[in-house]
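Residue numbers run from 1 in the order of the sequence given.
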Amino acid sequence: MQAFSAMQRSGTFKIFIKLLAFGCFVVYIALTNIYAILPPLLGLLFLAFCFYLKRGEYAQFLLVLLCLFWIEFEKNLGFSGLFFYFLLSYLLFYLPMLHFFSHVIWIKIFCVFMIYLGFGILYFLFLSSEAIDWKELLGLLSGYILIEGLLVWLYELKD
């Protein structure tokens, strides 16, 4: 009976950790509105999107979707636009690259670059206005790519 109660606490603890992580994510996204230098973590969310979708872990996948919807809400983007962008990127780029190339770390870093490049293009096409300083936007996107690429590289080195 003690083993069963320990398993229940373990499951409850995992749910608490996931909710705590989502709470930290919400606070972080709020900070990205204040400090533009902080990346919105789209590249890392895309990699989590791919990981959980490929493994069929739909509870964690729904948490990633919740994070995407929260970003869309905070940044005044179209509802579920990031989801469809991620899904198309997953089907058209990520899966074929995994099939043809063997160095997963470089594929993941390239995916971070691809996500921000595509996001910049979509932002330019659908949300552009004359009030946007394009040099500043390109500088921010390149900084985001560098920061998240470095985070992915450091995470992959630990394995």
Between Tyr58 and Tyr52, does the ring centroid distance fall short of 6.0 Å?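 No, the ring of Tyr58 stays outside the 6.0 Å limit from the ring of Tyr52, centre to centre.
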How long is the span from the [atom1] atom in [X] to the [atom2] atom in [Y], to the nearest 0.5 Å?
| X | Y | atom1 | atom2 | answer |
| --- | --- | --- | --- | --- |
| Leu42 | Leu141 | CG | CG | 9.5 Å |
| Ile107 | Leu47 | CD1 | CG | 11.0 Å |
| Ser89 | Met97 | OG | CE | 9.5 Å |
| Phe46 | Phe119 | CZ | CZ | 14.5 Å |
| Cys67 | Leu65 | SG | CG | 9.0 Å |
| Leu140 | Ile147 | CG | CD1 | 9.5 Å |

Counterpart residues, side chain to side chain donor-acceptor pair (under 3.5 Å), relative to Glu57 (two or more places apart):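 Per chain and number, Glu57 pairs via side chain to side chain donor-acceptor pair (under 3.5 Å) with Arg55.
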Can you list the residues that meet the side chain to side chain donor-acceptor pair (under 3.5 Å) rule with Tyr94, with sequence neighbours excluded?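 Not a single residue meets the side chain to side chain donor-acceptor pair (under 3.5 Å) criterion with Tyr94.
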Can you tell me which residue among Phe49, Tyr90, Phe61 is in a side-chain contact (heavy atoms from CB on, under 4.5 Å) with Lys54?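 Of all the options given, the one that passes is Tyr90.
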Identify the heavy atoms of [X] and [Y] that sit nearest to each other, and give their distance.
| X | Y | result |
| --- | --- | --- |
| Ile105 | Glu156 | CD1-CB, 3.4 Å |
| Gly139 | Ser142 | O-OG, 2.9 Å |
| Gly81 | Glu72 | N-OE2, 3.0 Å |
| Val64 | Ala48 | CG2-CB, 3.9 Å |
| Gly43 | Val112 | CA-CG2, 4.1 Å |

Side chains of [X] and [Y]: closer than 4.5 Å at any heavy-atom pair?
| X | Y | answer |
| --- | --- | --- |
| Leu45 | Phe86 | yes |
| Leu87 | Phe83 | yes |
| Leu117 | Ile145 | no |

When clusters are formed by joining ILVMFWY residues with side-chain heavy atoms under 4.5 Å apart, either directly or through shared neighbours, do [X] and [Y] land in the same one?
| X | Y | value |
| --- | --- | --- |
| Phe73 | Leu66 | yes |
| Val152 | Phe51 | yes |
| Leu53 | Leu98 | yes |
| Leu154 | Leu146 | no |

